[in-house]
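Below you'll find the structure, written out as structure tokens, and then a few comments.
Since we're looking at a predicted model, the values are computed, not measured.
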Amino acid sequence: MSELNETAAPVTPAAPDAVPASVPEAPAQKPEITFDVFEQVELTVVKVKECDHVKKSKKLLRFQLDDGTPEGRQILSGIAAWYEPEDLVGKTLVAVTNLAPRKMMGLESNGMLLSAENGDSFTLVMLDDGIPAGAKLC
């Protein structure tokens, strides 16, 4: 073994803050929240009854959702670049259902659909169709 050590080239440790050029920079983390704050977010299983493009918008889709209530819910989402409306009808999704209403393009949005984003990739969070509309995530 001593022969191996004598002939091996010395290894120079990498600088602690050296980052290979091929590794993308991590996105900034959001501030930590307490459990009590997290508990306030209402995550609800929703079923897509209807989905269509919002007129005069290249980004927005309008969802009519079964959220387990008699009246249902409308949510607008800027995902038209990733999905065709007809492909989403019948899907089971997750929505934040206790956000304050927000007007977009003259229409009211009552919540936000959960999704995963990674660079240019974007995917709605979809659940098993056997989970009923209105079920709460915990």
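For the side-chain contact (heavy atoms from CB on, under 4.5 Å) with L88, the qualifying choice from L113, L124, D52 is L124, the only one to do so. Of the candidates T97, V125, V94, N98, V94 is the only one forming a side-chain contact (heavy atoms from CB on, under 4.5 Å) with L43.
Linking Ile, Leu, Val, Met, Phe, Trp and Tyr whenever their side-chain heavy atoms come within less than 4.5 Å puts I131 and L137 in one cluster. Cluster annotation: F122 is not connected to L114 through the hydrophobic network of ILVMFWY side chains, with a link wherever side-chain heavy atoms come within less than 4.5 Å.
Residues K49 and V89 come closest through the heavy atom pair O-CG1, 3.6 Å. Taking every heavy atom of both residues into account, K103 and G106 meet most closely at NZ-O, 4.0 Å. Minimum interatomic distance between A80 and K58 (heavy atoms only, all atoms of both residues): CB-O, 3.4 Å. For the residue pair G68 and D66, the shortest heavy atom distance occurs at N-OD1, 2.9 Å. Shortest non-hydrogen contact noted between L99 and V96 is CG-CG1, 3.7 Å. Minimum heavy-atom separation, D129 to K47: O-NZ, 2.6 Å.
At a threshold of 4.5 Å between non-hydrogen side-chain atoms, the residues D128 and T92 do not count as touching. The shortest distance between side-chain heavy atoms of L60 and H53 does not fall below 4.5 Å.
Panel note: side chain Q74, backbone R62; no donor-acceptor pair is recorded below 3.5 Å.
Applying the 6.0 Å contact sphere to CE of M104 captures more than 12 heavy atoms from other residues, nucleotides or ligands.
Legend: residues meeting ring pair (Phe, Tyr, Trp, His ring centres under 6.0 Å) with Y83, ordered by chain and number and at least two apart, are absent. Listed by chain and number, the residues in a salt bridge (Lys or Arg N to Asp or Glu O under 4.0 Å) with E42 are K136 (sequence neighbours excluded).
For residues 73-95, the set of pairs meeting the salt bridge (Lys or Arg N to Asp or Glu O under 4.0 Å) definition, not counting sequence neighbours, comprises D67-R73.
Taking SG of C51 as the start and CD1 of I75 as the end, the distance is 11.0 Å to the nearest 0.5 Å. Note that the CG atom of L93 and the CG atom of L65 stand 7.0 Å from one another [nearest 0.5 Å]. A distance of 10.0 Å separates CE in M105 from CG in L76, rounded to the nearest 0.5 Å.
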